[in-house]
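Worksheet: one structure, shown below.
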Amino acid sequence: MTTREIDGIRLEQVREYVWEIPQEGEMRVPARVLASEALLDEIGDDKTLQQLKNATHLPGMTDHAICMPDGHQGYGFPVGGVGATDAENGCISPGAVGYDINCGVRMMRTNLTYDDVQGREEELVEALFANVPSGLGGGGVVDGDKETIEGVLERGVDWALEAGWAVPADLEHCEDEGRRPDADPSAVSQKAKDRGKNQLGSLGSGNHFLEIQRVTDTYRDDVADAYGLEPDQIVVLIHCGSRGLGHQTCTDYLRKIEKEHGDLLDSLPDKELAAAPAGSELAEAYYGAMCACINFAWVNRQLIMHRVRQVFARVFDRSWESMDMHLLYDVAHNIAKKEVHEVGVDPEGRPIGGGDAADREERELYVHRKGATRAFPAGHPEVPAAYRDVGQPIIIPGSMGAGSYVLRGGESSLDLTFGSTAHGAGRLMSRTQAKQEFWGETVQDELREQNQVYVKAQSGATVAEEAPGVYKDVDEVVRVSDALDIGDKVARTYPVCNIKG
DNA sequence: ATGTAC
């Protein structure tokens, strides 16, 4: 058996692309890293593996804590991490969801081709930049009063439909039809609502962006057909989250949980993993608040998408419907969700990890996906009807120099990863280091001259932080996902125009 | 990720 030791952590190779950190000490389950040797080397460069090991200490963990091929260090719990805890006897951890609740990506199709936009990149990038709010701070496409924010938190994209910012087909092509029913707006603090109310329909900063892309390749033609994708087609990618509202909600509940559940906190190897025991008042409140933030982020992406339709209609002087600008799908990267999965159990029926399980039984779990994407296969009842025969679409954004992928949920995802796969290329270096290595203006010029990619950003520093060189190889990440059959390649895209904070 | 810190 191949073994590796990285910073004192021993990994055993279970099979190709599957590495296991065996259970020892206070670990409740083993941990697994899904990676090629090259990606494992990069994952081992920061605290990711220690954080993954720490995550196995959370009460109620089932089967394995998992790190995706794009994993890197995060707050307490790795970005690219999946951890499923028993929803009855386990816990829920805000750090295992992330600060940017329902940070995610949606892709909108068009019937335009690269020929239609080539030569008009400048015009498009300027029009989008002028009409889609971006950067830190306030200002969104709609002004949210008290009633608006409550409606958004409670009803998600249903609110957008009522307000004229969505069409019914948008709901049909979004997880949960764009509305998480467990949302509890009363569990979201006034401070969080105040931060969010003037950020409805705004990109934010950091790695968030809006990109016009062209499809360069398709791989599984039956699935590509079902998704309405073909080479040379123009698509639009929107990557953003729940802005200050989700961030404040995470902060609020981390503080409350640290204070109320200090005993549980003391049993964990890292304070940043703070968790509320399943069934406690704070677990319920956090779940309700997080679901409300999920609704907010879905509306955020919906408003931006609809604004992009309006911009295209103006630039191309025709209706957005005539350009077939329909939502392909919207995926969440940072959420915990109650889902039923088969997990290993001991003879008394309690969830247990690794090879010690006597049997496997269905359990309701909090599936924490932090920088990881749901990847349900064909036939799963939660996959929208339009895609149920082929599996759910998965959108993997790469860097602005490398392009992105569309995958479909693979047949092995339910067995290997609680129905999950990677979420992007994954960072190779910190933002601070990126700013030492790159200069925004230079990055921008090179992308334009060498790659014909037009970038416009509020801040040059953001361009440096997001330079193509700060990301892992998205082709390699996707190759591992495809080889493990957790998310299978359907299409590859390449950037045309990119706007960001 | 983020009114880039209580």
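Here the structure is a predicted model, which is why all the values come from computation and not from measurement.
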Whole-Å distance between [N] [atom2] and [X] [atom1]?
X: A/Tyr99; N: B/dA5; atom1: OH; atom2: P; value: 11 Å
X: A/Gln433; N: B/dT4; atom1: CD; atom2: P; value: 23 Å
X: A/Lys435; N: B/dT4; atom1: NZ; atom2: P; value: 13 Å
X: A/Gln248; N: B/dT4; atom1: CD; atom2: P; value: 11 Å
X: A/Leu254; N: B/dC6; atom1: CG; atom2: C1'; value: 16 Å
X: A/Phe296; N: B/dT2; atom1: CZ; atom2: C1'; value: 13 Å
X: A/Lys191; N: B/dA5; atom1: NZ; atom2: C1'; value: 11 Å
X: A/His247; N: B/dT4; atom1: NE2; atom2: P; value: 9 Å

- Nearest-0.5 Å distance, OG of residue A/Ser481 to OH of residue A/Tyr17: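 OH of A/Tyr17 is found 11.5 Å from OG of A/Ser481.
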- Query: Would you call A/Arg301-A/Asp330 a salt bridge at under 4.0 Å N-O?
  - Reply: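 Between A/Asp330 and A/Arg301 there is a salt bridge, with a charged N closer than 4.0 Å to a carboxylate O.
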Assign [X] to base, sugar-phosphate, or nothing according to its heavy-atom contacts below 4.0 angstrom with the strands shown.
X: A/Gln199; value: sugar-phosphate
X: A/Arg427; value: nothing
X: A/Ser242; value: nothing
X: A/Gly244; value: sugar-phosphate

- Task: Report yes if the distance between the aromatic ring centroids of A/His247 and A/Tyr99 is under 6.0 Å, otherwise no.
- Result: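 Yes, the ring of A/His247 comes within the 6.0 Å limit of the ring of A/Tyr99, centre to centre.
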- Message: Does B/dT4 have OP1 or OP2 under 4.0 Å away from a side-chain N or O of A/Arg431?
- Response: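 Looking at the OP1 and OP2 atoms of B/dT4, neither is under 4.0 Å from any side-chain N or O of A/Arg431.
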- Task: Let me know which of A/Thr373, A/Asn334, A/Asp70 forms a side chain to side chain donor-acceptor pair (under 3.5 Å) with A/His423.
- Result: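 The side chain to side chain donor-acceptor pair (under 3.5 Å) with A/His423 is passed solely by A/Asp70 among A/Thr373, A/Asn334, A/Asp70.
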